[in-house]
Structure formats: structure tokens, C-alpha cells
Amino acid sequence: MSSKKIGILGASGYTGADAVRLLARHPNAEIIALTANTHAGKSMGDVFPHFFMLGLPKLVEWEKVDWSRLDAVFCGLPHGTTQEIIAAVLKANPKIKVLDMSADFRLRDKNTYAQWYGHEHRALELQGEAVYGLTEFYRDKITSARLVACPGCYPTAALLALVPLAKAKLIDVDDIIIDAKSGVTGAGRGLKQNTLFSEAGEGLSPYSVGTHRHAPEIEQEIGVAAGSAVTINFTPHLIPMARGELCTSYVKLKGATPDDLRTALEQAYANEPFVHVASKGVLPQTQNVRGSNYVQIGVVADRIKNRAIVISTLDNLVKGSAGQAIQNMNLMFGLPETAGLEQIALFP
Ligand SMILES: NC(=O)C1=CN([C@@H]2O[C@H](COP(=O)(O)OP(=O)(O)OC[C@H]3O[C@@H](n4cnc5c(N)ncnc54)[C@H](OP(=O)(O)O)[C@@H]3O)[C@@H](O)[C@H]2O)C=CC1
Ligand SMILES: CC(=O)N[C@@H](CCC(=O)OP(=O)(O)O)C(=O)O
């Protein structure tokens with residue numbers, strides 16, 4: 001099969017760069033265009049010296065790309081900036097496949113979007129068209145989609161742990177507490193005071209407590225699984241490491257045991273190439289998935305009667321963004337789903 005011609009919007013950012021890292025070794029992909037904002041005009045090797053061995057196109061402003069030449073575009077732009085740019089790219093090439101890693105097209109309800117993102121959606125038709133890109137649960141829709149809204153890193157980790165349990169009605173969906181921790185790359189490459197080494201390097205900081213915009217995204221998908229609207233508790237934390245994410249979800253059992261939860265997860269993911277349910281007694285840790293597209297999930301009985309703890313971990317730049325986007329691209333082009341994604345975790 002000939003290679004698919006790929007463009008990456010926001011290639012000077014962390015998700016864009018991880019898409020470059022993975023696509024550069026993908027057997028069916030050819031990187032044709034890379035865009036940036038403040039870094040436009042520079043070579044990729046100037047912005048990311050670890051790409052010294054790759055002959056990559058120069059970073060340009062997105063308006064300078066001839067989108068009609070491309071088969072797919074990955075989008076690693078800040079939320080809010082994506083919707084108009086994707087609308088323009090699709091106008092230039094209505095057949096291009098879009099893998100959006102930002103949050104712009106994930107929420108289905110326009111009012112929920114406006115409430116959490118502070119403005120009316122600026123490409124409502126595309127918001128309606130977008131397919132939520134949690135690969136394991138939307139495979140059929142993704143295969144025939146033009147625009148895939150890849151889930152956020154926290155929602156991917158939380159939903160892979162909780163959706164099968166909500167679907168099987170093994171947990172009380174009105175009593176879910178998700179305690180999440182993310183490495184600092186989760187906040188992007190732009191300079192921010194809270195991600196300076198001196199401020200993030202030796203401490204653990206909760207943020208957006210009770211107000212994080214990933215809560216409605218998680219609620220949307222657990223609601224679909226449960227068949228009813230749900231409200232969850234979600235508390236993210238910034239932890240002193242570069243990449244990796246771990247979600248500890250506290251759940252109330254509904255006539256089930258913790259072993260039943262593990263069995264349900266094992267059944268749900270028995271044929272999934274990237275989701276691994278840990279054996280009883282094995283606890284997921286970020287080191288087990290770092291740099292890889294794998295997710296590890298473990299279940300532990302709580303000491304409190306009728307409760308369990310479900311722990312899930314992934315790499316925010318791989319299964320949490322660029323890797324999942326490539327997994328979805330593989331589906332959209334009828335390629336083997338695992339193509340370019342079988343790296344084993346970088347441990348230690
Ligand atoms: N980091 C993560 O772990 C995850 C991030 N995401 C989402 O993916 C998206 C990208 O995140 P991330 O890579 O971390 O972000 P970065 O801040 O690292 O990169 C942002 C990229 O967008 C470009 N850019 C910024 N503003 C504009 C603009 N107005 N017009 C055109 N290009 C612009 C930047 O260019 P330049 O550098 O030249 O200024 C850069 O290439 C975000 O929506 C983020 O929330 C999703 C899952 C995980
Ligand atoms: C550590 C950190 O700051 N993480 C980011 C999550 C990154 C992400 O997935 O955000 P999107 O929904 O925009 O894709 C945050 O909490 O906003």
C-alpha cells in the first residue's frame with residue numbers, strides 16, 4: 001500500500017512532536033507538512049534537536065500548506081484555536097481525514113461546550129459531525145469518520161477503566177471519585193510559571209479542583225455507557241515527571257465483588273491490542289507504559305465494604321494523544337490498527 005501523506009498542525013508542541021516521532025517510523029505514513037505559530041520558519045531539528053536523523057519539512061504557518069495534497073492531518077493546537085483552522089482545512093480539502101487531539105470537538109452538546117469553554121462553538125456543523133475517538137468503544141464509527149475528536153489524556157485513562165463497569169452495571173455511576181495525576185508535558189511546551197522546574201520539580205499540586213473541563217467529557221461518556229446522565233468527582237494533580245498519567249478511581253459496587261470488576265474488564269479488553277488488565281495483586285504504575293501506546297488497569301478491593309479502587313495508567317503523549325490519534329488513523333485508512341504503535345514501555 002502506498003504511504004499516506006500526513007500534515008501535523010502544531011508540530012512544535014509536545015503532542016505534535018510525539019506524532020512526528022511515531023509517524024516517522026510508521027510503515028504507511030509520509031510526513032509532508034508541519035505547522036507552527038511562533039516557531040514558523042524554523043527547521044524541526046532547531047526546535048527539537050532529537051529529530052536530527054529525520055529529513056523533515058520546515059515548520060510553516062498553517063495558511064501556507066497546500067492541504068489538497070494531503071490524506072490526513074493531525075491537530076495539536078490549543079483548544080479554542082482548532083475549530084476555525086480545521087474548518088478552513090476541510091474547506092480546502094473536504095476529503096482529508098482529521099485527527100484532532102485538542103478538546104474542540106469532543107463535547108456533543110453545544111451548551112455544555114459553551115458552558116465549559118466560555119464561548120459558543122465556532123464550527124457547530126463539524127462539532128455535530130465529529131466522532132469521539134476513544135478507539136476501543138467507537139471503532140465502527142471511527143472507521144468511516146472524516147473528523148475524529150480524540151479524547152483528552154485524563155478522559156482516556158478514566159474511561160478505559162470505568163466504561164465497561166458502567167456498561168455492565170457493576171458500579172453505582174452516581175458515586176465515582178477520580179483522583180488523577182499527570183506529568184508536566186500534559187500542560188504543553190509553552191512557558192508557564194507552574195511548570196517551571198523550580199515550581200513543579202519537587203512538589204505535587206492539585207489544580208482545577210471541582211472545575212476541570214475534562215469532568216464533562218468523562219461524564220458524557222460514562223453517561224452513554226450507563227444510559228443515564230451522571231455527575232462524577234474529578235481532581236487532577238500535577239506531578240514532578242515529564243510524561244505519564246495515573247487515575248485512581250474510587251467506586252461503589254452494585255451487587256458485585258472487586259473480582260467481578262476485574263473479570264468484566266478482562267472480558268471487555270480480551271481482544272484489545274493496547275489495553276492490559278493487570279493480574280490480581282499487580283498495581284499499575286506509569287513506568288509500565290511510558291513512551292508506549294499501552295494502558296494498564298488494575299482492580300483492588302477497598303477496606304470499606306462494597307467499594308473498590310480501579311487504577312489506570314497511560315502515557316499522556318501516546319495513548320493520551322498522538323498514539324491514540326494514530327490508532328484511529330490506522331482504522332480510517334484500513335491499515336492494521338497497531339501499525340507504528342507497538343513500542344514497549346521505556347522502563348526504567
Ligand atoms: N500535552 C498533552 O499531554 C495533551 C494535550 N492535548 C491537547 O492537544 C493540544 C496540543 O497540546 P500540546 O502539544 O501539549 O500543546 P503545546 O503548547 O506544546 O503546542 C501547541 C502547538 O500549537 C501551536 N499554536 C499555538 N497557538 C497557535 C495559533 N493561534 N495558531 C496556530 N498554531 C498555534 C504552537 O506553535 P508554536 O510553538 O510555534 O507557538 C504549538 O505548535 C491541546 O489542545 C492540548 O490540550 C491532548 C491530550 C494530551
Ligand atoms: C498537566 C495538565 O495541565 N494537563 C492538561 C490536560 C491536557 C489535555 O489532555 O487537555 P485537552 O483536553 O485540551 O486535550 C490540563 O489539565 O489542562
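Everything numeric in this text was worked out from a predicted model, so none of it was measured. Note that the numbering runs from 1 along the sequence shown for the chain. As the structure lists them, so they are numbered: ligands from 1, and atoms in each ligand from 1.
Within a 4.0 Å radius of atom 44 (C) of ligand 1, the protein contributes no heavy atom.
The shortest N/O to N/O separation between S12 and ligand 1 falls below 3.5 Å. Remark: ligand 1 and N37 share an N or O pair separated by less than 3.5 Å (distance only, no angle test). For the pair P151 and ligand 1, the shortest N or O to N or O distance does not fall below 3.5 Å. At least one N or O atom of H39 sits closer than 3.5 Å to an N or O atom of ligand 1. Close N/O approach between S321 and ligand 1 is not found [any backbone or side-chain N/O within under 3.5 Å]. The shortest N or O to N or O distance between T35 and ligand 1 is not under 3.5 Å. Not a single N or O atom of A187, backbone or side chain, sits closer than 3.5 Å to an N or O atom of ligand 1.
Nearest-heavy-atom check against atom 18 (O) of ligand 1 across E245, R189, H79 picks out R189.
Using cut-offs of 30° and 60° for the angle between ring planes, the Y207 and Y154 rings count as tilted. Ring-plane geometry between F105 and H121 is classed as tilted, the angle between the planes lying from 30 to 60 degrees on a 0 to 90 degree scale.
Under 4.0 Å from ligand 1, not a single heavy atom of C150 appears. Under 4.0 angstrom from ligand 1, there are no non-hydrogen atoms of T82.
Of all the atoms in ligand 1, the ones that sit under 4.0 Å from a non-hydrogen atom of L317 are 1 (N), 2 (C), 3 (O).
Taking the side chain as every heavy atom from C-beta outward, H119 and Q83 approach each other to under 4.5 Å.
Ring pair Y294/H276: centre-to-centre distance not below 6.0 Å.
Checked for salt-bridge contact, E129 and R146 meet the test: a charged N lies under 4.0 Å from a carboxylate O.
Contact residues of ligand 2 (protein heavy atom closer than 4.0 angstrom to a ligand atom; sorted by chain and number): H79, M101, A103, R106, G152, C153, Y154, S182, G183, G186, A187, Y207, H212, R213, H214, L238.
S43 is linked by a side-chain hydrogen bond (donor to acceptor under 3.5 Å, both in side chains) to D46, counting only residues two or more places apart in sequence or in another chain.
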